[in-house]
Structure formats: structure tokens, C-alpha cells
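Remarks on the structure that follows.
Order of the sequence lines fixes the chain letters, A, B, ..., with proteins taken first and strands second; residue numbering starts at 1 for each chain.
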Amino acid sequence: MNMPVTEILLKWYDIHKRDLPWRKSREPYYIWVSEIILQQTRVLQGMDYYNRFIETFPDIFSLAGAPVEKVLKVWEGLGYYSRARNMHETAQKVVEIFGGKFPHQYDELLKLKGIGPYTAAAIASIAYQQPVPLVDGNVYRVFSRLFGIDIPSDTAKGKKKMIHIATTLLPAGRPGDFNQAVMEFGALQCVPGKPDCSRCPLRKMCLAKKQDRVEELPVKDKETKIITRYIHYLVWISNGEIILKQRKEKDIWYKLYDFPEIPDKKGIEPRKLFRGFLGKHGISYDQHAKMFISEPVLHQLTHRHIIARFYHVYNKKWHFDMDEGNFRVPMDHMKNYAFPRLITAYMEKFPERFQSDNE
DNA sequence: GATTCGTGGCT
DNA sequence: TAGCCAAGAAT
């Protein structure tokens with residue numbers, strides 16, 4: 001008996017699919033939220049965020065009506081914050097233009113901020129049962145192995161080829177289930193590295209398996225070069241208040257909050273940098289005021305190595321000009337602001353450095 | 001087409 | 001352990 005690939009995957013999915021919160025309904029809003037959260041993010045990592053997001057913003061109207069800062073606070077720690085900013089913008093647009101209903105068509109969905117080819121196809125097929133194929137990392141891995149395709153996944157040629165394959169396999173009856181089936185299969189069975197092919201329902205027809213190339217596929221050609229960046233944070237705590245700053249456009253962590261920065265001067269010693277900065281503002285690096293410089297904190301991103309230091313100053317009057325965007329808040333209001341993980345991790349590690357009575 | 005944009009788990 | 005890379009999109 002020679003069951004086609006599509007049937008095998010659907011059957012496998014019906015048995016093995018995980019019970020995930022966004023699979024309990026086909027409400028487009030839930031599908032949309034889950035798909036955005038899951039971009040470049042593992043299910044386990046996104047689960048709590050999804051539940052909290054839906055709890056905080058039960059429908060598209062509550063999301064559209066919220067300030068973007070509140071959306072970012074819910075997103076805090078999840079990364080790729082443009083996803084949250086774009087969701088907020090798209091929610092407002094969908095409310096204004098479409099009365100709160102997402103369009104059904106792939107092409108219309110694609111016009112919305114934060115919705116690209118993958119997500120448009122996911123919403124159209126899962127929420128609206130439209131026969132639209134999709135390709136994500138899982139789909140690419142599954143089909144590249146199954147059909148022995150070694151075109152690099154990070155090329156237009158590879159993506160085009162994969163969409164073509166997905167199109168030929170897509171069943172008219174259950175497009176949304178099929179798309180999810182391939183992704184689920186990639187996440188649970190045809191995993192990166194060394195999958196357990198002995199219990200794979202496709203092992204007999206898998207070309208990579210036949211050619212013993214399972215671990216080689218899929219192929220990717222570009223290597224991301226990592227750049228090191230230095231950040232010097234000024235943590236100024238005085239009179240129960242701390243100085244914060246909202247991050248600006250065209251840089252990492254846009255619209256999140258952190259601390260004022262001392263501009264980096266390559267190669268200069270931290271102590272010298274601090275002294276120079278304070279001196280420029282008429283403050284001496286002296287024994288009377290309590291100041292100290294943290295050890296370097298390494299924060300690793302996919303494309304950056306950030307080395308941060310925290311320059312602490314306590315109980316000294318803030319008497320140089322507030323740069324644009326700097327503002328003071330009581331220490332116990334900090335919990336209302338969204339910070340990058342680098343900051344929250346540091347604060348969790350050294351809570352004593354963030355106490356207002358630190359004299 | 002090449003870069004940028006986070007975080008965390010796994011090997 | 002240091003890299004790999006995950007339900008990608010925007011610029």
C-alpha cells in the first residue's frame with residue numbers, strides 16, 4: 001500500500017498533534033497572535049506569552065485601544081519587539097478599516113504590518129481554510145530531506161522551490177491542518193540534528209534517509225557575522241528615584257526602556273570613561289559620593305555580542321542637563337516599564353544595586 | 001539581496 | 001562549550 005505523503009502527514013498529525021491553546025478555536029485573532037509570537041520562537045518559549053497576551057488583550061479592540069508601551073510590557077523578554085509594535089499598528093488598522101475583522105485573502109493579509117508570506121498563509125489557511133501553502137523552517141527541513149533538496153534555505157531559489165512542493169502536496173480539503181501537520185512533524189519528528197528515523201512514517205520514501213544525508217539537510221549558506229558592541233549604562237539613583245530613557249528608532253530595542261548611556265570610546269578604561277563623563281558635567285569621581293562600576297556583562301544575540309557595564313551613582317543630585325528622552329521615576333514604578341532582557345537579568349542578579357536607600 | 005532585529009534551549 | 005537555530009518580516 002502506497003499512501004501519499006499528504007495523507008501520511010495528516011494521519012500522523014491527527015494522532016500526534018499537541019494540545020496547544022491556540023488550537024482550541026479558529027478565531028482569526030487567536031491564530032494571528034499565536035503566529036506572530038511563534039515567529040523565530042519555540043512553542044515552549046511562546047506559550048506563557050500567548051496566554052498572558054490573550055488574557056491582557058482578549059480581542060483586537062482591546063489591543064488596538066491600548067498604548068503601545070503596554071503591549072511591549074506584555075512582550076517584555078520575548079525579543080524581536082517589532083512584532084509587538086507591528087501587531088499594535090495592525091490591530092488599529094484592522095479595527096479602523098475592516099471593523100475588527102481580518103481579511104480572508106492572502107494578498108490582503110500580506111499588506112498588514114508584521115504579516116509576511118508565512119503568516120499571511122498561516123492565517124488564511126488555518127483560520128479561513130483557504131488553500132494557501134506556507135513554508136517555514138520546519139517545512140523546509142521536512143521537504144528538503146524527504147525530496148533530497150540541497151538548495152540553501154536562505155535563498156530565493158530555495159524558497160520558491162519549497163513553495164512549489166508545498167503547493168503540489170496541499171490538500172483542498174484540509175489546507176490549514178496540512179500546513180500545521182508539516183510544521184508539527186518538523187518540530188516533533190523530523191527535528192534538526194539527528195532525528196529518530198526508525199519511527200518515522202516517511203522513512204521508506206525519504207530520499208535523504210536513502211542517501212544517508214539526513215543530518216546534512218537542509219543546507220544554509222550565509223553565516224551571520226557577529227559584531228561586538230559596547231554599552232555603558234548610567235544607573236543614577238537619587239532620592240528614591242532612578243533615571244530612565246526610552247530607546248529611539250533605528251536601533252535595537254526600539255521603544256523599550258533602559259538607562260542613559262555614556263558614549264563609548266574605543267579602548268578606554270571604564271574608570272577613565274566614567275571620570276571623563278562626570279567631569280564634563282562638573283562632577284568629580286570622588287570618594288564622598290557612592291559610585292561604582294560593574295563588571296562587564298555579556299549579552300549574546302544572534303548577530304551581536306553586547307558587552308555592557310553599569311555605572312552606578314547613588315544619592316547625588318541630578319544636576320546636569322537631562323538629555324532628550326531622559327526622565328525620572330520612583331524606583332517602585334520600574335515594574336511598569338518594558339526593559340530588554342539584558343537589563344532585567346542584571347537587576348535580578350544584583351537587586352541590592354537597585355535599592356533607593358543604598359547610601 | 002543583504003542586514004537587522006532577541007531570546008533561550010539544545011547539542 | 002560555543003555554535004546552531006526556532007511557526008520570519010522589514011528595510
Side-chain angles (χ1 to χ4, degrees), chain A residues 13 17-18 20-23 30-50 72 75-87 89-90 109-123 125-127 133-142 152-160 162 166 176 178-188 190-195 215 218-227 229 247 249-256 258 298-306 338-345:
Chain A
Y13 181 64
K17 72 171 175 183
R18 289 169 287 184
L20 302 172
W22 48 87
R23 287 186 176 153
Y30 297 158
I31 304 298
W32 172 56
V33 172
S34 70
E35 291 301 339
I36 302 294
I37 285 177
L38 291 174
Q39 287 170 7
Q40 299 291 284
T41 305
R42 284 181 168 72
V43 165
L44 273 174
Q45 191 186 353
M47 188 87 83
D48 290 344
Y49 282 92
Y50 174 83
L72 286 167
W75 209 268
E76 182 183 45
L78 191 55
Y80 285 146
Y81 299 95
S82 65
R83 292 182 294 174
R85 298 190 302 265
N86 289 336
M87 277 183 89
E89 186 180 330
T90 288
L109 290 162
L110 201 54
K111 292 178 185 168
L112 299 168
K113 270 279 178 61
I115 297 183
Y118 164 80
T119 307
I123 296 172
S125 66
I126 298 170
L134 60 76
V135 174
D136 75 328
N138 292 304
V139 175
Y140 206 102
R141 185 170 56 257
V142 171
S153 61
D154 50 356
T155 61
K157 189 181 175 186
K159 285 166 193 158
K160 201 174 167 186
M162 218 42 78
F178 176 75
N179 283 337
Q180 293 188 82
V182 185
M183 292 190 283
E184 193 81 335
F185 188 76
L188 300 180
C190 195
V191 296
K194 299 181 183 181
E215 290 174 50
V219 173
K220 188 180 279 187
D221 59 358
K222 300 180 196 66
E223 60 202 59
T224 51
K225 58 177 175 191
I226 297 168
I227 296 168
R229 173 176 178 174
R247 293 190 63 86
E249 207 168 352
K250 287 173 183 169
D251 197 1
I252 195 170
W253 303 320
Y254 175 45
K255 282 192 179 174
L256 270 70
D258 57 4
L298 180 62
H299 189 65
Q300 305 213 34
L301 311 178
T302 304
H303 60 301
R304 290 282 184 280
H305 281 179
I306 295 175
F339 296 96
R341 191 70 187 115
L342 164 63
I343 306 281
T344 55

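Heavy atoms of A:Tyr81 sit under 4.0 angstrom from primed sugar atoms or phosphate atoms, though from no base atom. Counting any heavy atom pair closer than 4.0 Å across all strands shown, A:Trp75 reaches no nucleic acid atom.
Every residue two or more places apart in sequence or in another chain that forms a side chain to side chain contact (heavy atoms under 4.5 Å, CB included) with A:Tyr80 is listed here: A:Gln40, A:Arg83. Every side chain to side chain contact (heavy atoms under 4.5 Å, CB included) that A:Pro195 has, sequence neighbours left out, goes to A:Arg145, A:Val191, A:Cys197, A:Val214. In terms of the ring-ring contact (aromatic ring centres under 6.0 Å, His included) criterion, residue partners of A:Tyr50 (sequence neighbours excluded) are, by chain and number, A:Trp22. For A:Phe185, the ring-ring contact (aromatic ring centres under 6.0 Å, His included) partners at least two apart in sequence or on another chain are A:Trp12. Considering only residues two or more places apart in sequence or on other chains, A:Lys113 meets the side chain to side chain donor-acceptor pair (under 3.5 Å) condition with A:Glu89. In this view, A:Gln300 and A:Leu298, A:His305 satisfy the side chain to side chain contact (heavy atoms under 4.5 Å, CB included) rule, not counting sequence neighbours. Under the rule for a side chain to side chain donor-acceptor pair (under 3.5 Å), A:Lys220 has no partner lying at least two apart in sequence or in another chain.
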Check: protein-nucleotides 8-11 of chain B nitrogen or oxygen pairs below 3.5 Å:
residue	atom	partner	partner atom	Å
B:dG8	OP1	A:Arg341	NE	2.9
B:dG8	N2	A:Arg42	NH1	2.7

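Residues of residues 133-140 of chain A that place a heavy atom closer than 4.0 Å to DNA chain C, in numerical order, are A:Asp136, A:Gly137, A:Asn138.
You won't find any donor-acceptor pair under 3.5 Å spanning the side chain of A:Tyr118 and the base of C:dG8, going by distance alone.
When each of A:Tyr80 and A:Lys225 is assigned the nucleotide of DNA chain B bearing its nearest heavy atom, the one mapping closer to the 5' terminus is A:Lys225.
Contact check, A:Arg83 against B:dC5: no side-chain N or O comes under 4.0 Å of OP1 or OP2. For B:dC5, neither phosphate oxygen OP1 nor OP2 lies less than 4.0 angstrom from any side-chain nitrogen or oxygen of A:Arg247. For A:Gln40, a side-chain nitrogen or oxygen approaches OP1 or OP2 of C:dG8 to under 4.0 Å. Side-chain nitrogen and oxygen atoms of A:His303 include none within less than 4.0 Å of the OP1 or OP2 phosphate oxygen of B:dT4. Taking only side-chain nitrogens and oxygens, A:Lys222 comes nearer than 4.0 Å to OP1 or OP2 of B:dA2.
Counting to the nearest Å, the C1' atom of B:dC5 and the NZ atom of A:Lys255 are 16 Å from each other.
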